Amino acid sequence: MREEHLVAVLNAVIPARGSLAAAGDLGLSHEVLHDARDGSAIDQILAVLHELPADFDSLSPDDQQPMLLEIETRQPEHFATLVNMVYTAYYSHGAVLAALSGRTGYNPGAPQPTGYVMEPFDESLLAPVKQMPPLWRQVN
């Protein structure tokens, strides 16, 4: 497998759009392969890549697209694994998260402890549970 093939495939799966870079241009090929390190996922990705012609990475996106669609038709499960790995790597990349946050105002960080304000917990909600008999037996 040539890494250029994987970069070209990543760029075809998620092309550049506006200020967002294409998936392959973000350098995600290593991350995709690392995340696919278990045997079945890496084998499925390699099965897709091995079907590509030697000059795939030098072809135009218009020429690449039909080839990828054909592989997707022949190997839908393998192709779906590849796409899932690409989406996971792309949408967890810091630059993509920052760009999406800038566009939407959504904070992609953890909601607590610095995130959303939570209303105080209403302990009266526990009253029915506290009145229930124990759900266990005492052991001597």
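Side chains are part of it too, since the values below use all heavy atoms of this structure and drop only hydrogens, waters and symmetry mates. On a predicted model such as this, the values are computed, not experimentally measured, just so you know.
Here H78 contributes atom NE2 and L49 contributes atom CG; the two are 12.0 Å apart, rounded to the nearest 0.5 Å. Rounding to the nearest 0.5 Å places OH of Y90 at 8.5 Å from CG of L28. Atom CG of L52 and atom CG of L68 lie 6.0 Å apart (nearest 0.5 Å). The CG atom of N140 sits 8.0 Å away from the CD atom of Q138 when rounded to the nearest 0.5 Å. Between the NE2 atom of H93 and the CG atom of L20 there is a distance of 11.5 Å, given to the nearest 0.5 Å. The distance from the CD atom of E72 to the CD atom of Q65 is 9.0 Å, given to the nearest 0.5 Å.
Between the side chain of S101 and the backbone N or O of Y106 there is at least one donor-acceptor pair closer than 3.5 Å. Of the possible polar contacts, one joining the H5 side chain to the P53 backbone as a donor-acceptor pair under 3.5 Å is found. Under a 3.5 Å cut-off, the side chain of D25 and the backbone N or O of A16 do not form any donor-acceptor pair. Of the possible donor and acceptor atoms, none in the side chain of T88 sits under 3.5 Å from a partner among the backbone N and O of M85. No donor-acceptor distance shorter than 3.5 angstrom exists from the side chain of Q64 to the backbone of A12, with no hydrogens or angles considered.
Under the 4.5 Å side-chain contact rule for hydrophobic residues, L10 and L69 do not share a cluster.
Closest heavy-atom contact between V7 and S29: CG2-OG, 4.0 Å. In plain terms, the two heavy atoms of R103 and R17 that are nearest each other are NH2-O, 3.7 Å. Of all the heavy atoms in P128 and L125, the pair that sits closest is CD-O, 3.5 Å. Here the closest heavy-atom approach between residue A23 and residue V86 is recorded as CB-CG1, 4.0 Å.
Within the 4.5 Å cutoff, no side-chain heavy atoms of L97 are placed close to those of Y91.
Side chains of T81 and N84: a donor-acceptor N/O pair is absent below 3.5 angstrom, by distance only. No side-chain donor from either of S60 and D62 sits under 3.5 Å from a side-chain acceptor of the other.
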* Dump the intermediate steps for side-chain contact (heavy atoms from CB on, under 4.5 Å) on V9 and F56, then the final yes or no. => CA-CA 9 Å; V9 170; F56 181 80; 3.7 Å; yes
* Test side-chain contact (heavy atoms from CB on, under 4.5 Å) on E31 and L26 and set out the steps. => CA-CA 10 Å; E31 187 172 339; L26 285 176; over 6 Å; no
